[in-house]
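Structure record follows, encoded as structure tokens.
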Number of protein chains: 2
Amino acid sequence: MERRPTIVDVARQAGVSKGLVSLALNDRPGVNQATKERIQAAAAEIGWRPNPAARSLTSRRAYALGLVVKRDPRIIETDPFFAAFIAGLETVLSDRGQVLVLSVVPDAGAEERSYRSLAADGRVDGFILTDLLRHDRRIALLAELGVRGVTLGEPDVPTTLPAVRREYEDGIDDLVRYLAGLGHERIAHVAGNEDMLHGRARREQFERVAAALGIEARVVPTDFSPEQGADATRTLLALDPGVRPTAIVYGNDPMAVAGMAVAQGAGLRIPDDLSVTGLDGSQIGQFVYPALTTLDNDPVEWGRVVASTLLDLVDGHEPVDRSLTPARLIVRGSTGAPTPRH
Amino acid sequence: MERRPTIVDVARQAGVSKGLVSLALNDRPGVNQATKERIQAAAAEIGWRPNPAARSLTSRRAYALGLVVKRDPRIIETDPFFAAFIAGLETVLSDRGQVLVLSVVPDAGAEERSYRSLAADGRVDGFILTDLLRHDRRIALLAELGVRGVTLGEPDVPTTLPAVRREYEDGIDDLVRYLAGLGHERIAHVAGNEDMLHGRARREQFERVAAALGIEARVVPTDFSPEQGADATRTLLALDPGVRPTAIVYGNDPMAVAGMAVAQGAGLRIPDDLSVTGLDGSQIGQFVYPALTTLDNDPVEWGRVVASTLLDLVDGHEPVDRSLTPARLIVRGSTGAPTPRH
DNA sequence: TTGAAAGCGATACCAT
DNA sequence: ATGGTATCGCTTTCAA
């Protein structure tokens, strides 16, 4: 087993001191251009790579980013966002010699412990905050811990963390107008968790557009789980024909899929008897019957932008917010004109 | 900002040398019981925690486990296994002061680079190998890198890595017998990737049982993606009525869901016109209509057992294989007796 | 059983 | 611009 070359080996190879090697390899000023190149060549020749543990000890950086995901065990399997999101993070991280430390926890207690120990042990340089809540305590927690972070979406509390945003307003507007244009006059929204900022924002936008269009809107709150999506659907379908919605907009695609199953189980044809949409495009929607009308989404792009935003911050750049391309309507087979009742 | 207590602070607090503190806190022999307790008390009192970077530098351990997931971007979103699996890993890791380093990569090239750099930089103490392939090159790769690992399932190449296994034989046997008992005489299997060990093993077992029962079995290979599950379904449904299967066993649940959608889109009723099953229970199967008959699965348990197996190995214990509770049949609404054709 | 001192592999400061 | 040396926090000899 070869011993791994260290900075001393590079120094010997290049005929300089190891301090100079450190300066050269980190692109610090004050190194003669020629010797710098000689050092870089020497490092490349013997295949030197910095030892992260040693580097961490002096630089107090972990060369790692943390992602703590809190998921109720009941809905953990059905969230289609994360795998692709993490793949997106990875492209940026590996380019910059960083790794992702991932923690999946069941509740808020374990979540806070996870943030605290990861930060206290210096295992990450910053956190990626997904699924923002109302008055999310993690914003203050990160401030208390003195650690950096980036949020997916804009918190509703004062923050110094940069945010990566995506506009859903126009997409939801287009979606509801499209349904109205088909002739739907009673549209329900099976909303996501009201404590989650994006669930709430979507519900508000839905209501705003519905009001503007003079549509009879009904909102059923859920926790984003397919179970509650199914329950909400049963509730809505049990309404009297005169008030029962002819279209349902679900807060996410897994709920929409579950809702479609309930409707079909009750003997309804989609979209003839009921139109159904998601709000947060995932691949599963393409493979149910009929395929799901929804808004598009690009988790890989989310990952890329989030990672580079946070790494820039860690590298000492000023925090800067970024915006992704706005959500756009994708029409598939699950929506159509309502069939007049007879 | 408080400076974090170091081992020197503990030593001063306990009135001993820092070397002795290290021995005591790591439960090494040769420390007086009374002083050991005094040291432990001192450490607890000032809230000392070991600095992983410093520890890694001398112990050459990362206090981290690595999971590299290779996923075709096309099927990345639909795999329901990982979130719960990682939650299971986490319970064990956090108890033992370890973290999970996760990498999601699109292809074999990126995968190998990921293993190499994680190992070379000493960022992990061992790897978790999921989705074993035939003649999986990762087994040799880990040997070459001199790094530990654990496999989910048994490789088909010589290995020194411990394996965590789960028996599917009896479950598949029960499933096919159950279908045969309902009166199905032509059963198809939409198999998973033949290059994946578990996909192949399930296909073989399906054929074995079908042969034993004298059933007309037909196998369509896929890559485990919902698209190909849907395609395979179209192929099967296009067969002449006399040879067309009355039941389809899919290699995983997402394919079964996609297949159901195709069948329903073709105007078939499930289970009256076609029975459908998965083979690897996931939650999504409970929320489609009709709910999916499948085999059960417990990704959290997989995670717990895999993590403790690998950590024991890293801690110097002998590698020891572990077995989970065997797969069991779960009957739901997607299967029933075939309707005689008229 | 305990203390003193030498590393681990890098960074950073102070000379020169 | 470069070399020498202390330092990060911990583990591990080697003496005593």
Side-chain angles (χ1 to χ4, degrees), chain A residues 1-40 42-43 46-64 97-98 120-123 125 315-316, chain B residues 1-40 42-43 46-64 97 120-123 125 314-316:
Chain A
M1 196 67 71
E2 287 291 325
R3 190 181 58 81
R4 195 162 184 235
T6 78
I7 200 171
V8 185
D9 300 315
V10 178
R12 190 179 320 113
Q13 177 81 10
V16 295
S17 76
K18 66 174 184 160
L20 197 55
V21 172
S22 179
L23 293 183
L25 261 16
N26 287 301
D27 267 323
R28 297 295 237 289
V31 181
N32 182 295
Q33 184 60 28
T35 42
K36 180 175 188 168
E37 280 164 16
R38 185 156 45 89
I39 290 171
Q40 286 167 339
I46 66 178
W48 176 85
R49 304 179 53 155
N51 177 325
R55 230 138 91 96
S56 292
L57 191 55
T58 46
S59 69
R60 297 179 172 290
R61 283 197 39 180
Y63 306 97
Q98 318 273 320
D121 293 345
R123 303 206 72 144
D125 298 318
D315 281 345
Chain B
M1 193 68 70
E2 286 293 323
R3 191 181 58 82
R4 194 164 186 231
T6 77
I7 201 171
V8 184
D9 299 316
V10 179
R12 189 181 319 112
Q13 178 81 10
V16 296
S17 74
K18 65 172 184 161
L20 195 56
V21 172
S22 177
L23 293 183
L25 261 16
N26 287 303
D27 268 323
R28 297 299 236 289
V31 181
N32 182 295
Q33 183 61 27
T35 42
K36 180 177 192 168
E37 280 163 16
R38 187 156 44 90
I39 290 171
Q40 286 167 339
I46 67 178
W48 176 84
R49 303 178 52 153
N51 176 325
R55 230 138 90 97
S56 294
L57 192 53
T58 46
S59 68
R60 295 176 175 292
R61 282 195 42 179
Y63 306 97
D121 293 344
R123 302 205 72 142
D125 298 318
V314 169
D315 281 344

For this session: Write out all pairs satisfying salt bridge (charged side-chain N to carboxylate O under 4.0 Å, His left out) with one or both partners inside residues 15-25 of chain A, taking only residues at least two apart or from two chains.
Result: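 Those involving residues 15-25 of chain A do not exist here.
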Exercise. What is the nucleic acid contact for B:Arg28, judged by heavy atoms within less than 4.0 Å: base, sugar-phosphate only, or nothing?
Worked result: sugar-phosphate
For this session: Could you tell me whether A:Arg49 contacts a base, only the sugar-phosphate backbone, or nothing, with contacts defined as non-hydrogen atoms closer than 4.0 Å?
Result: sugar-phosphate
Where [X] and [Y] come nearest, the two heavy atoms and their spacing:
X       : Y        : result
A:Arg49 : B:Asp121 : NH2-OD2, 2.9 Å
B:Ala24 : B:Ile39  : CB-CD1, 3.7 Å
B:Ala42 : B:Ala14  : CB-CB, 3.9 Å
A:Tyr63 : B:Arg123 : O-NH2, 2.8 Å
B:Ala62 : B:Asp125 : N-OD1, 2.6 Å
B:Leu57 : A:Ala53  : N-CB, 4.1 Å

Exercise. Taking the side chain from B:Asn32 and the backbone from B:Ala34, do they hold a donor-acceptor pair closer than 3.5 Å?
Worked result: yes
Exercise. Rounded to the nearest 0.5 Å, how far does CZ of B:Arg4 lie from CG of B:Asn51?
Worked result: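 B:Asn51 atom CG to B:Arg4 atom CZ measures 6.0 Å (nearest 0.5 Å).
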Problem set entry | Atom pair CD1 (A:Ile7) and CZ (A:Arg12), whose distance is rounded to the nearest 0.5 Å |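 Separation between the atoms: 12.5 Å.
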Exercise. Quantified as the angle between the terminal helix axes (five pairs each), what is the overall bend of the helix from C:dT1-D:dA16 to C:dT16-D:dA1 to 10 degrees?
Worked result: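 Rounded value for the end-axis angle: 40°.
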For nucleotides 1-5 of chain C, print each protein N/O atom paired with a nucleotide N/O atom at under 3.5 Å, atom names and distance only.
from  : atom 1 : to      : atom 2 : distance (Å)
C:dT2 : OP2    : B:Asn32 : N      : 3.1
C:dT2 : OP2    : B:Thr35 : OG1    : 2.6
C:dG3 : OP2    : B:Ser17 : N      : 2.8
C:dG3 : OP2    : B:Ser17 : OG     : 3.4

Problem set entry | From CA spacing to verdict: side chain to side chain contact (heavy atoms under 4.5 Å, CB included), A:Val21, A:Trp48 | CA-CA 11 Å; A:Val21 172; A:Trp48 176 85; 5.9 Å; no
For this session: Could you list where the contact with chain B starts and ends along DNA chain D, reading 5' to 3', using a 4.0 Å heavy-atom cut-off?
Result: D:dG9 to D:dT12
For this session: Return the residues of residues 50-60 of chain B meeting this criterion: a heavy atom under 4.0 Å from some atom of DNA chain C. Order them by number, or give none.
Result: B:Leu57, B:Thr58, B:Arg60
Problem set entry | salt bridge (Lys or Arg N to Asp or Glu O under 4.0 Å) involving A:Asp27 - partner list, sequence neighbours excluded |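 Only A:Lys36 meet the salt bridge (Lys or Arg N to Asp or Glu O under 4.0 Å) criterion with A:Asp27.
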Exercise. Atom CD1 of A:Ile39 and atom P of C:dA10: how far apart are they, to the nearest Å?
Worked result: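 After rounding, the gap between these two atoms is 14 Å.
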Exercise. How many Å lie between CG on A:Asp27 and P on C:dT11, as a whole number?
Worked result: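 Computing the A:Asp27:CG to C:dT11:P distance gives 12 Å.
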